[in-house]
Amino acid sequence: MKQRTLIAFCPLLLVFLSALRSFTAGDDCAFVGGTVYPSPTTAAIPNAVVLTSLGKITAVGTRTAVKIPSSARIIDCTGKVIVAGFWNNHIHFTDNTWRDAANAPAAGLEKHMQEMLTRWGFTTVWDLGSDPINSLALRRRVESGEIPGPRIFLAGSEFPKGGHPVYLPPEMQLPEVASPAEAAQLAQNYMRMGLEGIKLFTGSFMGNKPVINMDVPIVEAAVNVAHGDNKPVFAHPQNRTGVDNAMAGRVDILAHTVPSERDFTADELARFKTQHTALIPTLTLWTTVVEDPVVTNGLVASGVQQLRTFSANGGAVLFGTDVGFTANYDTSPEFELMSRALSVNEILASLTTNPAAYFKAFDKGRVEKGLDADLVILDGDPASDMHNLAKIAYTVRAGKIVYQKQP
């Protein structure tokens with residue numbers, strides 16, 4: 001079959017955003033006095049003003065150059081830094097708080113949304129595996145404006161037959177597929193439900209037993225359906241075979257590094273480049289899987305090296321923490337581990353411009369006139385201290401403040 005790239009498959013802006021336009025935009029606002037980083041690669045604008053109206057950025061410039069409308073709500077950002085809204089490209093709405101999202105009291109859901117996501121600057125997220133019925137209901141409530149939260153994209157999961165990972169409760173019913181026909185049918189069902197992507201467990205961790213890998217024809221069948229609908233496919237690879245089967249099946253994004261394996265091979269790196277593969281490192285996850293600190297350090301070092309090699313190869317790095325599966329909401333540890341392989345600007349790109357470009361969300365990822373008013377106001381400059389990426393004063397989605405730090 002003729003190989004096609006993600007570029008051919010993913011005109012995602014119209015697909016994603018047309019379904020999510022119902023979100024209520026905020027009032028006219030003026031974010032005044034902060035230092036603006038329009039993107040990770042452009043010069044900072046000191047003592048700046050960012051104006052927003054009807055969910056869009058209407059002006060960006062110095063305080064002397066931008067006229068503030070008398071009707072605008074003024075948000076004092078003196079001493080703070082303004083960057084584009086953050087993406088978390090690997091989360092899960094699976095813990096107990098999210099259950100019965102259609103009917104649960106809004107106050108409790110809003111509180112948990114802050115604790116898990118908006119508190120850390122996330123204005124766009126990818127859920128890579130949850131009960132889609134429940135998560136679709138949660139998304140509807142967010143988009144109605146009832147629950148302040150990020151834009152939510154959903155990926156439906158597929159597991160290989162018999163590949164029930166040991167870390168998931170054995171009584172949990174998982175969508176396992178045994179043939180290409182079953183994989184294609186399940187993918188079609190997800191597309192009809194309105195999900196934006198597919199996640200394939202090309203490798204399932206079975207504890208002391210060998211990893212169960214998804215066969216390439218099954219991977220291809222699901223990928224063909226998703227790509228035919230202009231949707232991306234993520235892979236949970238687990239081991240080298242899981243990586244190679246994902247690439248042979250033309251998966252778009254590796255949802256994890258694979259620290260139990262050695263560094264990526266030359267053949268894998270060449271294929272990543274040809275197929276425009278992206279990587280979500282999830283380095284903090286490797287600090288939670290075993291109790292032996294020596295083993296943990298080895299896993300982390302391996303994951304960091306794979307991230308370093310992948311980035312040096314020119315691959316798109318997308319920020320993600322697997323939060324929801326893990327209970328570590330604080331993003332500081334992930335930034336700290338990523339900094340062993342990437343610069344601060346590269347980490348900021350993984351949060352902003354990289355996912356916006358990769359998913360063709362051309363209205364996002366930068367602080368620029370005409371783009372969506374998705375903003376993060378930081379209490380400090382990440383250029384001087386990388387940890388400031390986790391010190392959030394305000395999170396703004398479509399011009400609406402969805403999180404504000406309390407005094």
Side-chain angles (χ1 to χ4, degrees), residues 1-6 8-10 89-90 128-129 155-168 174-188 190 197-207 209-228 231-282 285-286 302-303 306-307 309-310 313 315-316 318 320 322:
M1 182 176 291
K2 184 178 179 181
Q3 186 182 77
R4 292 179 287 176
T5 68
L6 179 67
F9 283 119
C10 290
N89 300 278
H90 193 151
L128 298 190
S157 296
E158 299 194 15
F159 294 78
K161 187 67 175 178
H164 191 122
V166 295
Y167 50 77
L168 295 179
L174 299 179
E176 298 182 7
V177 291
S179 68
E182 289 182 5
Q185 182 62 58
L186 182 55
Q188 289 165 2
Y190 287 140
I198 302 293
K199 180 186 179 185
L200 303 177
F201 278 72
T202 57
S204 284
F205 181 62
M206 308 304 291
K209 298 178 181 178
V211 170
I212 293 181
N213 294 108
M214 184 176 283
D215 293 337
V216 173
I218 296 177
V219 176
E220 288 180 323
V223 168
N224 287 341
V225 171
H227 284 178
K231 304 293 176 62
V233 182
F234 301 74
H236 175 110
Q238 194 64 50
N239 63 359
R240 172 136 281 127
T241 300
V243 171
D244 294 341
N245 287 5
M247 299 314 300
R250 296 174 296 111
V251 162
D252 305 302
I253 303 137
L254 298 179
H256 300 284
T257 44
V258 281
S260 62
E261 302 283 0
R262 293 184 181 272
D263 204 357
F264 295 123
T265 68
D267 287 344
E268 287 168 343
L269 291 169
R271 194 149 200 177
F272 294 158
K273 184 168 288 189
T274 299
Q275 296 181 203
H276 304 280
T277 308
L279 173 67
I280 305 170
T282 64
L285 178 64
W286 312 132
S302 178
Q306 289 174 11
L307 171 58
T309 300
F310 184 90
N313 191 52
L318 310 178
D322 213 355

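In what follows, residues are counted from 1 in the order of the sequence shown. The model shown is predicted, which means the values in this text are computed figures rather than measured ones.
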For the residue pair [X] and [Y], establish whether any side-chain heavy-atom pair is separated by less than 4.5 Å.
{"X": "Ile253", "Y": "Leu279", "result": "no"}
{"X": "Ile212", "Y": "Lys161", "result": "no"}
{"X": "Pro210", "Y": "Phe205", "result": "no"}

Return yes if some donor-acceptor pair links the side-chain N/O of [X] with the main-chain N/O of [Y] below 3.5 Å, else return no.
{"X": "Glu158", "Y": "Ala187", "answer": "yes"}
{"X": "Asn313", "Y": "Leu269", "answer": "yes"}
{"X": "Tyr167", "Y": "Gly207", "answer": "no"}
{"X": "Gln275", "Y": "Arg271", "answer": "no"}
{"X": "Gln306", "Y": "Thr257", "answer": "no"}

Tell me the closest heavy-atom pair linking [X] and [Y], and the distance in Å.
{"X": "Asp322", "Y": "Thr282", "value": "N-CG2, 4.3 Å"}
{"X": "Gly203", "Y": "Gln238", "value": "O-CB, 3.4 Å"}
{"X": "Val233", "Y": "Val251", "value": "O-CG1, 3.3 Å"}
{"X": "Gly163", "Y": "Ser204", "value": "O-OG, 3.0 Å"}
{"X": "Thr202", "Y": "Gly242", "value": "OG1-O, 2.9 Å"}
{"X": "Leu307", "Y": "Pro281", "value": "CD1-CG, 3.7 Å"}

Residue list, ring-ring contact (aromatic ring centres under 6.0 Å, His included) with Phe272, at least two apart or on another chain |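 Phe272: ring-ring contact (aromatic ring centres under 6.0 Å, His included) contacts with Phe264, Phe310.
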Sequence neighbours excluded, which residues qualify as ring-ring contact (aromatic ring centres under 6.0 Å, His included) partners of Phe159?
->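 Phe159 satisfies ring-ring contact (aromatic ring centres under 6.0 Å, His included) with Phe201 once adjacent residues are dropped.
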Run the numbers on Met206 and Val211 for side chain to side chain contact (heavy atoms under 4.5 Å, CB included), then give the verdict.
-> CA-CA 6 Å; Met206 308 304 291; Val211 170; 5.7 Å; no
Less than 4.0 Å between a side-chain N and a carboxylate O, is that true for Glu268 and Arg240?
->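 Yes, charged N to carboxylate O under 4.0 Å.
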Modelled atom types, side-chain donor and acceptor of Asn239 and Asn213, under 3.5 Å =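 Short answer, yes.
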Between the side chains of His227 and Asp252, does any donor sit under 3.5 Å from an acceptor?
->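 Note: His227 and Asp252 side chains meet the donor-acceptor criterion.
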Atom pair [atom1] ([X]) and [atom2] ([Y]), whose distance is rounded to the nearest 0.5 Å:
{"X": "Ser179", "Y": "Ile218", "atom1": "OG", "atom2": "CD1", "value": "6.5 Å"}
{"X": "Thr265", "Y": "Asp244", "atom1": "OG1", "atom2": "CG", "value": "6.5 Å"}
{"X": "Ser260", "Y": "Trp286", "atom1": "OG", "atom2": "CH2", "value": "7.5 Å"}
{"X": "Met247", "Y": "Thr274", "atom1": "CE", "atom2": "OG1", "value": "8.5 Å"}

Please test Ile280 against Leu254 for side chain to side chain contact (heavy atoms under 4.5 Å, CB included), starting from the C-alpha separation and ending with a verdict.
-> CA-CA 6 Å; Ile280 305 170; Leu254 298 179; over 6 Å; no
Derivation of the side chain to side chain contact (heavy atoms under 4.5 Å, CB included) call for Val225 and Lys231 | CA-CA 9 Å; Val225 171; Lys231 304 293 176 62; over 6 Å; no
Decide side chain to side chain contact (heavy atoms under 4.5 Å, CB included) for Tyr190 and Ile198; before the verdict, give the C-alpha distance in whole Å, the side-chain angles of both, and the deciding distance to 0.1 Å.
-> CA-CA 8 Å; Tyr190 287 140; Ile198 302 293; 3.6 Å; yes
